[in-house]
Amino acid sequence: MISLADVYHVMVATVPLYVAMILAYVSVKWWKLFNMDQCSGINNFVAKFSVPLLSFQVISTSNPYKMNLKLICADFLQKLLAIIVFGVITKISIRGSLNWIITGLSLSTLPNTLILGIPLLKAMCGEEAALLLAQIVVLQSTIWYNLLLLLFEFNATREAYAIATSEATVELEAPQEARHKEDEGEAEVITARKIKIMLILLKVGRKLMRNPNTLATVMGLIWASISFRWNVQLPKIVDKSISILSDGGLGMAMFSLGLFTASQTSIIASGTWMTVLAMAMKFIVGPALMAASSTAVGLKGTLFRVAILQAALPQGIVPFVFAREYNVHPDILSTGVIIGLLIAIPIALAYYSLLAL
């Protein structure tokens with residue numbers, strides 16, 4: 001069972017994050033040190049420098065040759081189930097909005113594993129749990145954050161393309177009506193849709209290839225493969241140059257969260273009802289999807305407990321940074337981080353007790 005000393009170690013990991021957030025909040029709300037453009041610039045710095053370098057550091061220092069395949073499969077299946085579930089829900093209720101699919105995926109399946117998760121699960125389940133959770137951290141940085149960026153870019157490009165082509169569509173309507181050839185008209189519509197999709201995908205692909213987080217992920221994987229295959233280390237100068245920025249990545253992300261919160265009318269920016277829904281998605285839907293995925297791939301014992309407990313961790317800060325950058329429900333994700341971290345320990349203890357029955 002988790003001891004008071006373990007609780008203290010968890011607090012050591014989480015309280016500094018709140019210190020960074022509170023300092024940012026008072027800097028805007030009371031001290032008026034930053035305007036909105038400067039706040040946006042700080043978040044842009046976090047998204048383009050701090051988070052990518054943090055991703056590189058996490059990936060490049062993890063052994064890609066020692067990954068638990070069952071845990072990877074369970075994690076992949078959980079995300080797939082989440083996309084399907086939220087896709088169906090949004091199609092029924094709000095006409096398939098990609099914004100809500102992105103938000104649901106971020107809330108339910110991308111927990112705070114790096115700072116909070118490792119010390120908490122180590123206290124509950126031992127050193128093996130910490131090693132397994134490190135693999136989840138790598139999966140998040142390698143696959144899921146880049147998938148999130150793909151969805152963000154696709155959503156932004158699709159909306160921008162619709163606006164750019166709206167005038168052209170209006171101009172073409174009159175000639176098309178004059179043709180009176182239904183078959184040809186349908187063929188043209190189908191062809192236009194295919195061309196539109198291809199143009200959007202090409203533009204999204206080009207943006208992702210230039211995205212710092214994607215580049216950092218690829219470079220991190222390449223270096224990890226080389227480093228652990230031939231036992232090669234980065235030169236100290238390079239390592240220090242990376243770590244000096246990446247070490248403050250999560251702190252800067254929380255600072256950006258504090259700046260955003262200060263710009264809202266309330267600390268709980270999403271409102272009471274949406275906050276309750278967000279917490280339900282994070283602490284009920286996420287673990288339930290992971291339980292189904294873990295059972296499907298045959299996880300047992302410590303592996304099963306680690307999978308469920310990490311799914312019950314509060315939402316990670318990186319999805320908020322991306323949501324703020326692309327302006328996709330940052331109010332909901334900011335609330336998820338703030339409230340989630342506050343109730344993380346009692347929720348984790350509740351799941352730990354249930355799994356021990």
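Starting from 1, each residue takes its place in the sequence as its number.
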Which atoms form the tightest heavy-atom contact between Thr61 and Phe228, and what is the distance?
O-CZ, 3.5 Å
Between Ser256 and Phe320, is any pair of side-chain heavy atoms under 4.5 Å apart?
yes
Would you kindly confirm whether Leu349 and Val306 end up in one hydrophobic cluster when ILVMFWY residues are joined by side chain heavy atoms under 4.5 Å apart?
yes
Are any of the side-chain heavy atoms of Lys29 and Thr261 separated by less than 4.5 Å?
no
Would one find more than 12 heavy atoms of other residues, nucleotides or ligands at under 6.0 Å from atom CE of Met274?
yes
Could you check whether any side-chain heavy atom of Val337 comes within less than 4.5 Å of a side-chain heavy atom of Met254, counting everything from C-beta outward?
yes
Would Phe56 and Leu215 count as a side-chain contact (heavy atoms from CB on, under 4.5 Å) if you check the C-alpha gap in whole Å, the side-chain angles of each, and the deciding distance to 0.1 Å?
CA-CA 9 Å; Phe56 176 85; Leu215 295 173; over 6 Å; no
Is it the case that the side chain of Ser55 and the backbone of Val51 share a donor-acceptor pair, with hydrogens and angles ignored and the cut-off at 3.5 Å?
yes
Hey, is the main chain of Ile338 close enough, under 3.5 Å, to the side chain of Tyr18 for a donor-acceptor pair?
yes
Quick check on the hydrophobic clustering: are Leu208 and Leu202 connected, directly or via other members, by side-chain heavy-atom contacts under 4.5 Å?
no
Got a donor-acceptor contact below 3.5 angstrom from the Ser60 side chain to the Ala224 backbone?
no
According to the interplanar angle, ranging from 0 to 90°, do the rings of Phe255 and Phe34 count as parallel (below 30°), tilted (30 to 60°) or perpendicular (above 60°)?
perpendicular
Does any non-hydrogen side-chain atom of Ile267 lie less than 4.5 Å from one of Tyr25?
yes
Worked check of side-chain contact (heavy atoms from CB on, under 4.5 Å) between Phe76 and Val297:
CA-CA 11 Å; Phe76 180 85; Val297 301; over 6 Å; no
How close do Leu105 and Ala82 get, heavy atom to heavy atom, and via which atoms?
CD1-CB, 4.0 Å
Shortest non-hydrogen pair, Phe260 vs Ser334, comes out as CE2-OG, 3.6 Å
Side-chain donor-acceptor distances from residues 125-136 under 3.5 Å, at least two apart:
unit_1 : atom_1 : unit_2 : atom_2 : d
Glu127 : OE1    : Lys122 : NZ     : 3.3
Gln135 : OE1    : Asn68  : N      : 2.8
Gln135 : NE2    : Lys66  : O      : 3.3

Listing request: all salt bridge (charged side-chain N to carboxylate O under 4.0 Å, His left out) pairs with a residue in residues 219-245, at least two apart in sequence or in separate chains.
none
Do Glu153 side-chain atoms and Leu150 backbone N/O form a donor-acceptor pair below 3.5 Å?
no
Do other residues, nucleotides or ligands put more than 12 heavy atoms under 6.0 Å from the NZ atom of Lys70?
no
Report yes or no: do Phe154 and Met209 belong to one cluster of Ile/Leu/Val/Met/Phe/Trp/Tyr joined by side chain heavy-atom distances under 4.5 Å?
no
Can you classify the ring geometry of Trp100 versus His329 as parallel (below 30°), tilted (30 to 60°) or perpendicular (above 60°)?
tilted
Donor-acceptor contact present, side-chain Tyr145 to main-chain Pro319, <3.5 Å
no
Test item: Leu151 and Val328 side chains (from C-beta on) under 4.5 Å apart, heavy atoms
no
Between Lys282 (side chain only) and Ser106 (backbone N and O only), is there a donor and an acceptor less than 3.5 Å apart?
no
Nearest heavy-atom approach of Ala278 to Ile332 is CB-CG2, 4.3 Å
So, Gln38 side chain and Asn35 main chain: donor-acceptor pair closer than 3.5 Å or not?
yes
Counting N and O atoms only, with roles assigned by atom type, does the side chain of Ser225 sit under 3.5 Å from a partner on the main chain of Leu221, one being a donor and the other an acceptor?
yes
Where Leu313 and Asn112 come nearest, the two heavy atoms and their spacing:
CD1-O, 3.7 Å
Determine whether Trp144 and Leu110 make a side-chain contact, defined as any pair of heavy atoms from C-beta on separated by less than 4.5 Å.
yes
Closest heavy-atom pair and its distance - Gln57, Ser243:
NE2-CB, 3.4 Å
Do Phe86 and Ile102 come close enough that some side-chain heavy atom pair is under 4.5 Å?
no
Take Asp75 and Met290 through the side-chain contact (heavy atoms from CB on, under 4.5 Å) test and state the conclusion after the steps.
CA-CA 7 Å; Asp75 185 70; Met290 180 55 79; 4.1 Å; yes
Per the side chain to side chain contact (heavy atoms under 4.5 Å, CB included) rule, which among Leu54, Asn146, Leu53 passes with Asn213?
Asn146
Quick one: does Tyr351's side chain have a donor or acceptor within less than 3.5 Å of a partner on Phe283's backbone?
yes
Is Asn99 close to Glu159 at the side-chain level, that is, under 4.5 Å between some pair of heavy atoms?
yes
Spell out, as yes or no, whether a donor-acceptor pair under 3.5 Å connects the side chain of Gln78 to the backbone of Gly286.
yes
Assigning hydrophobic clusters by single linkage (Ile, Leu, Val, Met, Phe, Trp, Tyr; side-chain heavy-atom cutoff under 4.5 Å), is Tyr8 placed with Tyr352?
no
Do Ile42 and Ile244 belong to the same hydrophobic cluster, where Ile, Leu, Val, Met, Phe, Trp and Tyr are linked whenever their side-chain heavy atoms lie under 4.5 Å apart, directly or via other members?
yes
